[in-house]
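Inspection log for the structure reproduced underneath, given as structure tokens.
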Amino acid sequence: MRGVLGLTQRARKLITGTDIVIKGLQKQEVYLVLVSSDASNNTKKKMTDKTNFYNVSILEIDNYLLNQSIGKVNVKVCGITDEGLANLLLSKKGVWCYAK
């Protein structure tokens, strides 16, 4: 799955940051939200509430795997803006993340 996240990053179909992802959810441009396992409880709750409101799937992913896959450091929240890539990641979720 690292390859899919890396491909998503290179295709510019991945947005990072809590505020940016929330704006994407409001514009209905985000199809999947990834939250780091070491994000604060407040961040996790905020993103869970927002994704429930906008009916978007959310996955909790290991911090190391997320950061290594996208080539960034200290990322806590990501949004996938491509429906096909989001569905691909959701279909493989049991292997690399903690489904919510």
Side-chain angles (χ1 to χ4, degrees):
M1 285 299 95
R2 287 183 185 190
V4 176
L5 283 174
L7 176 65
T8 305
Q9 172 72 16
R10 288 188 299 277
R12 297 184 178 262
K13 300 295 182 180
L14 183 90
I15 56 176
T16 59
T18 304
D19 294 335
I20 295 171
V21 172
I22 289 172
K23 286 179 184 178
L25 286 168
Q26 291 169 344
K27 294 179 183 179
Q28 297 179 348
E29 296 174 346
V30 175
Y31 297 96
L32 175 65
V33 174
L34 303 174
V35 178
S36 174
S37 60
D38 70 338
S40 70
N41 289 335
N42 186 34
T43 300
K44 289 179 184 178
K45 182 179 180 336
K46 180 188 285 188
M47 295 314 300
T48 301
D49 292 346
K50 291 291 185 183
T51 54
N52 285 339
F53 182 79
Y54 292 106
N55 198 26
V56 173
S57 298
I58 183 170
L59 297 175
E60 185 175 327
I61 184 170
D62 180 64
N63 178 50
Y64 179 76
L65 177 63
L66 177 63
N67 289 304
Q68 284 290 89
S69 298
I70 65 174
K72 292 188 177 182
V73 179
N74 206 21
V75 173
K76 303 300 179 195
V77 178
C78 294
I80 308 295
T81 60
D82 182 82
E83 190 172 10
L85 290 168
N87 289 334
L88 178 61
L89 289 169
L90 281 171
S91 69
K92 306 289 185 186
K93 69 181 176 186
V95 176
W96 56 279
C97 66
Y98 316 106
K100 292 286 181 183

Taking C-beta and beyond as the side chain, do K46 and I22 meet within less than 4.5 Å on heavy atoms? yes
Are any non-hydrogen side-chain atoms of T48 and V33 less than 4.5 angstrom apart? no
When rounded to the nearest 0.5 angstrom, what distance separates [atom1] in [X] from [atom2] in [Y]?
| X | Y | atom1 | atom2 | result |
| --- | --- | --- | --- | --- |
| K13 | L7 | NZ | CG | 11.0 Å |
| L25 | I20 | CG | CD1 | 12.5 Å |
| C78 | Q9 | SG | CD | 8.0 Å |
| L32 | D82 | CG | CG | 11.0 Å |
| L34 | I80 | CG | CD1 | 5.0 Å |
| L14 | L5 | CG | CG | 7.0 Å |

Working for side-chain hydrogen bond (donor to acceptor under 3.5 Å, both in side chains), residues N74 and K76: CA-CA 6 Å; N74 206 21; K76 303 300 179 195; 3.2 Å; yes
Show, in sequence, the C-alpha distance, side-chain angles and deciding distance for V35 and L66, and conclude whether the side-chain contact (heavy atoms from CB on, under 4.5 Å) test is met. CA-CA 9 Å; V35 178; L66 177 63; over 6 Å; no
If we ignore hydrogens and angles and just use 3.5 Å, is the side chain of S69 paired with the main-chain N or O of G6 as donor and acceptor? no
With distance as the sole test, does K44 use its side chain to make a donor-acceptor pair with the main-chain N or O of S37 at under 3.5 Å? yes
Are V75 and V73 connected in a single hydrophobic cluster, I mean Ile/Leu/Val/Met/Phe/Trp/Tyr linked by side-chain heavy atoms less than 4.5 Å apart? no
Answer yes if the side chains of S36 and D38 hold a donor-acceptor pair under 3.5 Å, and no otherwise. yes
Does the distance from a Lys or Arg side-chain N to an Asp or Glu carboxylate O, for K45 and D49, drop under 4.0 Å? yes
What's the shortest heavy-atom distance between E83 and Y31, and which atoms? N-CD1, 3.5 Å
